[in-house]
Undergrad: 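Submitted below is the structure of interest, expressed as structure tokens.
Residue numbers start from 1 in every chain, and the chains themselves are labelled A, B, ... in the order their sequence lines are given, proteins ahead of strands.
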2 protein chains.
Amino acid sequence: MGAEGHADGTVGKALDVLDMVASHGRPVRFSDLLSQSAYPKATLYRLLQTLTHQGMLTLDPDTGTYALGVRLVRLAHAAWSQSSLAPIARPYLDELAAKTGETIHLAQMDLGQVLYVDKRNAAKPVEMFAQAGKVGPAYCTGVGKAMLAWLPPEALEAALARQSFHRFTPQTLASREELLKELEAIRQRGHAWDREEHEAGIICCAVPILSRGGRVMGALSVTSTTARTTLEELGAQAPMIKDIAAKIAAEAESWRFPEQV
Amino acid sequence: MGAEGHADGTVGKALDVLDMVASHGRPVRFSDLLSQSAYPKATLYRLLQTLTHQGMLTLDPDTGTYALGVRLVRLAHAAWSQSSLAPIARPYLDELAAKTGETIHLAQMDLGQVLYVDKRNAAKPVEMFAQAGKVGPAYCTGVGKAMLAWLPPEALEAALARQSFHRFTPQTLASREELLKELEAIRQRGHAWDREEHEAGIICCAVPILSRGGRVMGALSVTSTTARTTLEELGAQAPMIKDIAAKIAAEAESWRFPEQV
DNA sequence: AGACTAAGTTTCAAATAGTGAAACCAAACG
DNA sequence: CGTTTGGTTTCACTATTTGAAACTTAGTCT
């Protein structure tokens, strides 16, 4: 809930409110927000007013409810096409999807959580917005563990502090200690497994996408079901996945220094 | 450029900076932003720091460049699925695309500009993030004019003030007066034309999506080329488009009061 | 009706947080 | 090496934010 740590300054508070509105699935009334937030009435009111005035929120005059504004959609368009690995990785995901015939995930780290930025479905065509932008836990997903494993100490610490360690399945690594041991194994192995840790019957093989400097940029995974395949079979594809991750990393980096001018 | 009107408060400035980063297609360095922004060095610096700390921006430690952060992608996911008409309209867009075989646009108003929130391409399947989130001018597009025509006076005024009235083609209505006359005609007619006003050879028929109270929620358009069809043929479909717009509006509204509890 | 209640909006003095010129530091350059 | 360029920190000044409380509407109850 409100355990949002320290919201620095007015901007932090405003963004906090934004998150609050986002977390409800539907338009919210002022009083709903008021009862949830730690901020006093007048403060919250002005915050909402500012955000609305800025187009980050929409106030429906009929119902008096707030919803996220369209300006966010515009910003996100830019965010997706510029900040994330998605646009660069797109052709590679297609390639990987074609070769494996399995579900592909491309994820990045967002405040200790896994954020899926792109995806290919085994069968159906992609439904972008509907899928990308989703978040998931880091400690019990392939992509999550792959990224955690290569995070520098302080960042890892920060991320660990945000894990819930909820036990989704009997296989879930539901403690800090177990997870740390696993991360060590992942570093050794070079890729992460998901052994039905998040969802029964779902397994995956994930590799990190690392910059030349060793910084974690994201992770890439191939997901399947125990009904269709085994960890061993998935593991056979690990070199190929790693290879594609390396290509994505290389292209992402070279994209950074196009015209140093 | 900096003609951003009045950025109220710190929050406004922060969002302003966010837009600035977004407007560059690529990661930007501090000095680039500095030269562009009206804010003094230290102010801009702290703003960037705050935004980075909040996950709205990412600072690449290797290159010292800022890019939009992943938190935006997450927020946008929520924004798209909650605030916009897109999720509701989706099946209707499919229907309209199937019936007409033409390109379909669903747009909303964003600070005087047209924001495309969903789209169906004539031939290819949709590329969501790559297309949705784009913005365009209001005064010379079908959807733009359709929305302007039903805006209440003050909102119209605010929107008009933000139009550039650049003459894209000989047909572009490049003045406030011409546009106002056209808007009147649109209200009479019930739908807006785009007579190659934005791009030569591209025509479209657009209708507003209005709430029961008459509030503009968005607009819907069918686009084609002069090579393939004529305004008259497009106009023949206007009733159907209007019908679908009405359905979207109805569903969007009923969605608002699901469980009044 | 008239008195209550809930929900949203506005006020205003006090306090905090934001400002920005200038100083500082550190690489990169010549 | 001295200099430039690019980024970070300081600090006194001030404008913005704060939030208790007063105020307005609507909507309810008796």
Side-chain angles (χ1 to χ4, degrees), chain A residues 2 4-18 20-21 24 26-54 56-67 69 154 213 215 256-261, chain B residues 2 4-21 24 26-54 56-67 69 154 213 215 256-257 259-261:
Chain A
E4 279 307 319
H6 31 237
D8 50 358
T10 320
V11 177
K13 285 174 197 169
L15 295 176
D16 199 28
V17 171
L18 215 59
M20 215 154 77
V21 176
H24 289 75
R26 57 176 72 201
V28 254
R29 269 171 311 162
F30 176 74
S31 49
D32 295 332
L33 291 170
L34 181 59
S35 61
Q36 238 183 69
S37 93
Y39 309 119
K41 223 178 176 184
T43 302
L44 181 66
Y45 181 71
R46 259 175 296 102
L47 244 31
L48 286 168
Q49 216 172 230
T50 305
L51 287 169
T52 305
H53 184 66
Q54 291 291 330
M56 300 296 278
L57 291 178
T58 314
L59 172 57
D60 185 324
D62 303 337
T63 62
T65 55
Y66 293 91
E154 334 78 59
R215 205 165 41 81
R256 290 252 154 85
F257 318 100
E259 322 284 273
Q260 190 70 305
V261 180
Chain B
E4 279 307 321
H6 31 239
D8 50 359
T10 319
V11 177
K13 287 175 199 169
L15 295 176
D16 199 27
V17 170
L18 216 57
D19 271 344
M20 216 155 77
V21 175
H24 289 74
R26 58 177 70 201
V28 256
R29 268 171 311 162
F30 176 75
S31 50
D32 296 332
L33 292 170
L34 181 59
S35 61
Q36 237 182 69
S37 94
Y39 308 118
K41 222 177 176 184
T43 302
L44 180 66
Y45 181 72
R46 258 174 299 103
L47 244 31
L48 285 169
Q49 215 171 233
T50 305
L51 286 169
T52 304
H53 184 66
Q54 290 291 328
M56 300 296 277
L57 291 178
T58 315
L59 172 58
D60 185 324
D62 302 338
T63 62
T65 56
Y66 292 91
E154 334 80 58
R215 204 165 42 80
R256 289 252 152 83
F257 318 99
E259 321 284 274
Q260 191 65 308
V261 179

Undergrad: Identify, with sequence neighbours excluded, every residue that meets side-chain contact (heavy atoms from CB on, under 4.5 Å) alongside A/Ser37.
TA: A/Met20, A/Tyr39, A/Leu44
Undergrad: Taking OH from B/Tyr45 and C1' from C/dA21, how many angstroms apart are they, rounded to a whole number?
TA: 17 Å
Undergrad: Out of curiosity, B/Gln54 CD to A/Leu18 CG, how far, rounded to the nearest 0.5 Å?
TA: 11.0 Å
Undergrad: C/dG20 C1' sits how many Å from B/Leu47 CG, rounded?
TA: 13 Å
Undergrad: Roughly how many Å is it from CZ in B/Phe30 to P in C/dA27, rounded to a whole number?
TA: 18 Å
Undergrad: Report the distance from atom CG of B/Leu15 to atom NZ of B/Lys13, rounding to the nearest 0.5 Å.
TA: 12.5 Å
Undergrad: Starting from P on C/dT9, measure out to CZ on A/Arg29 and report it in whole angstrom.
TA: 13 Å
Undergrad: Going from NE2 on B/His24 to CZ on B/Arg29, what distance comes out if it is rounded to the nearest 0.5 angstrom?
TA: 10.0 Å
Undergrad: Does a side-chain N or O of A/Lys41 approach OP1 or OP2 of C/dT10 to a distance below 4.0 Å, or not?
TA: no
Undergrad: Could you check how far CG of A/Leu34 sits from P of C/dG8, rounded to whole Å?
TA: 9 Å
Undergrad: I want to check one thing: is the phosphate of C/dT19, taken as OP1 and OP2, less than 4.0 Å away from some side-chain N or O of B/Tyr39?
TA: no
Undergrad: Please list, in 5' to 3' order, the outermost nucleotides of DNA chain D lying under 4.0 Å from any heavy atom of chain A.
TA: D/dT17 to D/dA20
Undergrad: Could you give the distance from CG (A/Leu33) to CD (A/Gln36), rounded to the nearest 0.5 Å?
TA: 6.5 Å
Undergrad: Which pair of non-hydrogen atoms, one from B/Gly64 and one from B/Leu59, has the smallest distance, and what is that distance?
TA: C-CD1, 3.8 Å
Undergrad: How bent is the helix from C/dA1-D/dT30 to C/dG30-D/dC1, comparing axes over its five end pairs at each side, to the nearest 10°?
TA: 30°
Undergrad: Give the nucleotide from the list C/dT9, C/dG18, C/dG20 with an atom nearest to the side chain of B/Thr43.
TA: C/dG20
Undergrad: Among A/Val21, A/Thr58, A/Val17, find the residue that satisfies the side-chain contact (heavy atoms from CB on, under 4.5 Å) test when tested with A/Leu51.
TA: A/Val17
Undergrad: Measuring from B/Thr52:OG1 to B/Tyr66:OH, what's the distance to the nearest 0.5 Å?
TA: 5.0 Å
Undergrad: More 5' along DNA chain C: A/Gly64 or A/Arg46, using each one's nearest nucleotide?
TA: A/Gly64
Undergrad: Would you give the length of the straight line joining atom CG of A/Leu47 to atom OH of A/Tyr45, rounded to the nearest 0.5 angstrom?
TA: 12.5 Å
Undergrad: In whole angstrom, give the distance that lies between atom NZ of B/Lys13 and atom C1' of C/dG20.
TA: 11 Å
Undergrad: Judged by each residue's nearest nucleotide on DNA chain C, which is more toward the 5′ side, A/Ser31 or A/Val11?
TA: A/Ser31
Undergrad: Quickly work out the B/Gln49 CD to C/dA17 P distance and round it to whole Å.
TA: 16 Å
